[in-house]
Amino acid sequence: MSKALEGIRILDFTHVQSGPTCTQLLAWFGADVIKVERAGEGDATRAQLRDIPGVDSLYFTMLNHNKRSITLDAKRPAGKEVLETLIRDCDVLVENFAPGALDRMGFSWERIQALNPRMVVASVKGFGPGPYEHCKVYENVAQCTGGAASTTGFSDGPPVVTGAQIGDSGSGLHLALGIVTALFQRTTSGRGQRVQTAMQDAVLNLCRVKLRDQQRLERTGVMEEYPQFGMGEEFGSAVPRAGNASGGGQPGSILRCKGWETDPNAYIYFIAQAAVWPAICQVIGHEGWITHPDFATPRARLPHLIDVFSRIEEWTRLHTKFEVMAILNQHDIPCGPILSMKEIADDPSLRATGAIVEVAHPERGSYLTVGNPIKLSDSPTDVRRSPLLGEHTEEVLGQLGYSAEQIAALRAERAI
Ligand code: COA
């Protein structure tokens, strides 16, 4: 079966996490992704958080599937020539170097356009134009400057960053959409264009409900669905941390389940959806609340959410999180067990759908990775292992028209 992006060639000048997330997705959709790395060390993540000495780390392998790797020193004249050939030959250049690095290499947007006017040039940077545009940025800096950290955690504690890599992988996802959109526009315009994603903006986009709440707070001075309301706490001028309260219009909370004393993940997320309120009351054996004036309507319940959830928790503590899930689902009550990474890794249904994939690697043996979460019926994803450093240098240069002698000369000059 053909792949959606077959025929699209990507010059993948990315490293660490944000850029590689983007190009991995494009590779999964069938693009030919050529990862360009410096000889010797390559992408720094190859050596970061290693679990097997001398072997590409899981950090690297899990972000670079289905790509080819070539080594190239883009600062040597002969290396620059190869890069020019690649730019002429490829459809997209993706990079997430520090601000200005590509220009310093001699490949400004204007120069790339002159070499290949059809090329889409896509970049991730920490910030957009403004006071911080020259700053280097990693994941948690973006979480903090994009509004996620100030709104995550509990009101009596410090800001908290989340384990989901919304700064890095979140930016990579945004960038990938920008690239396919630019490729689509190229079919009518005939021209490439620049695609830029700032990590701060990507995190803010994922936090837009909190900017919604900021404006609600400024207008009304109160956030009735936040735990602070039920606890009688004063609201300040900025959206506070909401603990585990739901971000939507339906109240929710994380509740203890049987075994919580010893298992740190014996919890369930429980949503007190208005539509199923009578069923919730019946399941927990508190039918009186169905008609009680303090509890019968969503509005009446708002000042009593702490009571509501502590009463529900008396019931959830009698059952394991999976029993709670099974019982609540019979009544269409939305809920979700807190799954540990171990439970996720061992879940046969996630293996069956390809959400978790086992991949063979010549140096590390087999390992688990996260498969493509976007399923296309006419372009199924086949997850292939990440490349070894420079594994495809000869192959790619040969395809570009370099002879064996020319390749040997480039190697002698340390350009590849
Ligand atoms: N040949 C020659 N030089 C190369 C090269 C190659 N194949 N690949 C990289 N380099 C050079 C770059 O040109 C740069 O040189 P310069 O500083 O002289 O211009 C140098 O390597 C270092 O690149 P840089 O991007 O500055 O790496 P870093 O390790 O210092 O910083 C980040 C890493 C992630 C902080 C930075 O790249 C960044 O802020 N990126 C944008 C935001 C981002 O994506 N962050 C999230 C990462 S998950």
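All ligand and atom numbering here is 1-based and tracks the order in the structure.
Considering backbone and side-chain N/O of K125, none are found under 3.5 Å from N/O of ligand 1.
The nearest non-hydrogen atom to atom 14 (C) of ligand 1, considering only K75, E41, E37, comes from K75. Considering V36, L72, T45 only, the shortest heavy-atom separation from atom 7 (N) of ligand 1 involves L72.
In the model, Y138 has no side-chain atom that pairs as donor or acceptor with a side-chain atom of D168 under 3.5 Å. Checked by atom type, the side-chain pair Q185/Q193 shows a donor-acceptor distance below 3.5 Å.
By the 6.0 Å and 45° rule, R241 does not stack over the aromatic ring of F154. Remark: R384 is not positioned above the aromatic ring of W28, lacking an NZ or CZ atom under 6.0 angstrom from the ring centre and at most 45 degrees off the axis.
A salt bridge links D73 with R76; the closest basic N to acidic carboxylate O contact falls under 4.0 Å. Using a 4.0 Å cut-off between charged nitrogen and carboxylate oxygen, D347 and R351 do not count as a salt-bridge pair. Ion pairing of R301 with E225 is absent here, as no side-chain N (NZ or NE/NH1/NH2) approaches a carboxylate O to less than 4.0 Å. With respect to the salt-bridge test (charged N to carboxylate O, under 4.0 angstrom), the residues R311 and E314 qualify. Using a cutoff of 4.0 Å between basic side-chain nitrogens and carboxylate oxygens, R38 and D43 are not scored as salt-bridged.
In this structure, CZ on R194 lies 9.0 Å from CD on Q113, to the nearest 0.5 angstrom.
Residue, atom and distance of the protein heavy atom nearest to atom 1 (N) of ligand 1 are A74 N, 2.9 Å. The nearest heavy-atom contact from the protein to atom 28 (P) of ligand 1 is K136 NZ, 3.7 Å. Given atom 39 (O) of ligand 1, the protein heavy atom at minimum distance is V137 N, 3.2 Å. Given atom 33 (C) of ligand 1, the protein heavy atom at minimum distance is Y138 OH, 3.5 Å. Among protein heavy atoms, atom 22 (C) of ligand 1 sits closest to R38 NH2, 4.4 Å. What sits closest to atom 17 (O) of ligand 1 on the protein, heavy atoms only, is R104 NH2, 3.8 Å. For atom 25 (O) of ligand 1, the closest heavy atom belonging to the protein is A98 N, 2.8 Å. Scanning the protein for heavy atoms near atom 46 (C) of ligand 1, the closest one is D168 OD1, 3.2 Å.
In this structure, R76 does not count as a contact residue of ligand 1, since none of its heavy atoms falls inside 4.0 Å of the ligand. Note on ligand 1: E139 sits outside its first shell, no heavy atom being nearer than 4.0 Å. Residue contacts with ligand 1 do not include G19, since none of its heavy atoms lies under 4.0 Å from the ligand.
Residues C257 and F322 are not in side-chain contact: their nearest non-hydrogen atoms beyond the backbone lie 4.5 Å or more apart.
Between F97 and F13, the ring-plane angle classifies as perpendicular under the 30° and 60° cut-offs.
Within the listing of ligand 1, atoms 48 (S) sit less than 4.0 angstrom from a heavy atom of Q17. Ligand-side atoms of ligand 1 in range of H15: 25 (O), 27 (O), 33 (C), 37 (O), range being under 4.0 angstrom from any heavy atom. The distance from ligand 1 to the heavy atoms of D73 drops below 4.0 Å at these ligand atoms: 1 (N), 2 (C). The distance from ligand 1 to the heavy atoms of V124 drops below 4.0 Å at these ligand atoms: 41 (C), 44 (O). Within the listing of ligand 1, atoms 19 (O) sit less than 4.0 angstrom from a heavy atom of A101.
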